[in-house]
Amino acid sequence: MTVYNFCAGPAMLPADVMRSAQQEFLNYQQLGVSVMEISHRSAEYMAVAEEAEQNLRDLMVIPDEYAVLFMHGGARGQFSAIPLNLLGQGEALYLLNGQWSVAAANEADKFGAVVRRDLRTEQGPLDLSLIGDTAGFSYVHYCPNETVDGVAMHDIPQVDSPLVADMSSCILGRELDVSKFALIYAGAQKNVGPAGLAIVIVRKDLLGQADPKTPAILDYALAQKTDSMYNTPPTFAWYLSGEVFKWIKQQGGVAAMQQRNRTKADALYQFIDASDFYRNEIAADFRSEMNVTFQLHDDELNKRFVREAEAAGLKALEGHRMVGGMRASIYNAMPLEGIHALIDFMERFEKAHR
Ligand SMILES: *Cc1c(COP(=O)(O)O)cnc(C)c1O
């Protein structure tokens, strides 16, 4: 049975990447040892690290004025690192558009002055006019793709302070003008690679003003100075992420990912909208292409759906515990066939249970 994994994270990785990593798992480039077992300062590993960074720079067209850092601690590590490095004596503005931006604001509270503006309303998923005046903040933080809620802000908000974005679940999913941002960060385990790694893309002129109490492993200037090797980096996660970057290049780059992601999400939303059995009430403009949520009319049926889907090889469709229902996470690695298999199953389930 073909299994499709819809887990929100750690999420499925491209099968081609997994196979080639398996091929060289025990014997990396004829060294007789695994890439996991070599020094991060060896010539072989330095080449892995540099190539990964260069490929990411190519894929995202990252200008030279930006540092690319490979850090520990996932996205939540960055929830702490961002205020420590960027807040200074000022205030930070956090736009709240779902569960993760709320969590980021709560962590930032520990380190200084945080202003929150909740964009979520009763009428629709988000009201962007609530962003309000954005001048004079150390930075403005938002989350373009709220993984739990299945809500996305597709347009980059126009703000008058440095813009910081948590792209954990959407980085490399569509084309992006990096120069609009002061800082972009992402935990790797959704759209990039294995857990344990965070990618930080930060404008270099913002570095060097960290709070003196910043833990060394969260200090961006130090990470930049040491090529993200102040201490031992998560070497395997970095290597495998580099393999994913190569794969994206082979597929035609981020533009090709974007097109495929659009096709996948459209197919699923069209099916849901055409049905009176499944529902997704998020307004079309704010629907995530990466995390598609849907519900049935009662919770027992939701549970049954998840159970029967699992048995049919469609894994991890249960919605986040805060939201319930179902969630199909369909990042870059999910092939179109996975979407078709899900829709086929949804049709069969509807016939049997309506
Ligand atoms: C998963 C996720 C996080 C948390 O990531 P960790 O690496 O587990 O800390 C933060 N933000 C978003 C948008 C996420 O999807």
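Whatever order the structure lists them in is the order used to number ligands and atoms, beginning at 1. When reading the values below, keep in mind they use all heavy atoms of this one structure, side chains included, and skip hydrogens, waters and symmetry mates.
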Given [options], identify the one with the heavy atom nearest to [atom].
| atom | options | result |
| --- | --- | --- |
| atom 13 (C) of ligand 1 | N191, L197, D166 | D166 |
| atom 5 (O) of ligand 1 | P10, G77, A75, A195 | A75 |
| atom 7 (O) of ligand 1 | Q189, Q99, R76, Q78 | Q189 |

Ignoring hydrogens and geometry beyond distance, is a side-chain donor-acceptor pair present between [X] and [Y] at under 3.5 Å?
| X | Y | answer |
| --- | --- | --- |
| H72 | N231 | yes |
| Y185 | H141 | yes |
| S169 | N145 | yes |

ask   = Quick check: does T147 get an N/O under 3.5 Å from an N/O on ligand 1?
value = yes
ask   = Do any nitrogen or oxygen atoms of C143 come within less than 3.5 Å of a nitrogen or oxygen of ligand 1?
value = no
ask   = Which residue and non-hydrogen atom of the protein lie closest to atom 14 (C) of ligand 1, and at what distance in Å?
value = K190 NZ, 2.9 Å
ask   = Between F305 and F345, does the ring centroid distance fall short of 6.0 Å?
value = yes
Using a 4.0 Å cut-off to any heavy atom of [X], which atoms of ligand 1 qualify?
| X | answer |
| --- | --- |
| F79 | 10 (C) |
| S168 | 10 (C), 11 (N), 12 (C), 13 (C), 14 (C), 15 (O) |
| G74 | 7 (O), 9 (O) |

query = Can you check whether V35 reaches T235 side chain to side chain, under 4.5 Å on heavy atoms?
reply = no
task = Compare all side-chain heavy atoms of E107 with those of R76 and state whether any distance is below 4.5 angstrom.
result = no
query = Is the backbone of D276 close enough, under 3.5 Å, to the side chain of R354 for a donor and an acceptor to pair up by distance?
reply = no
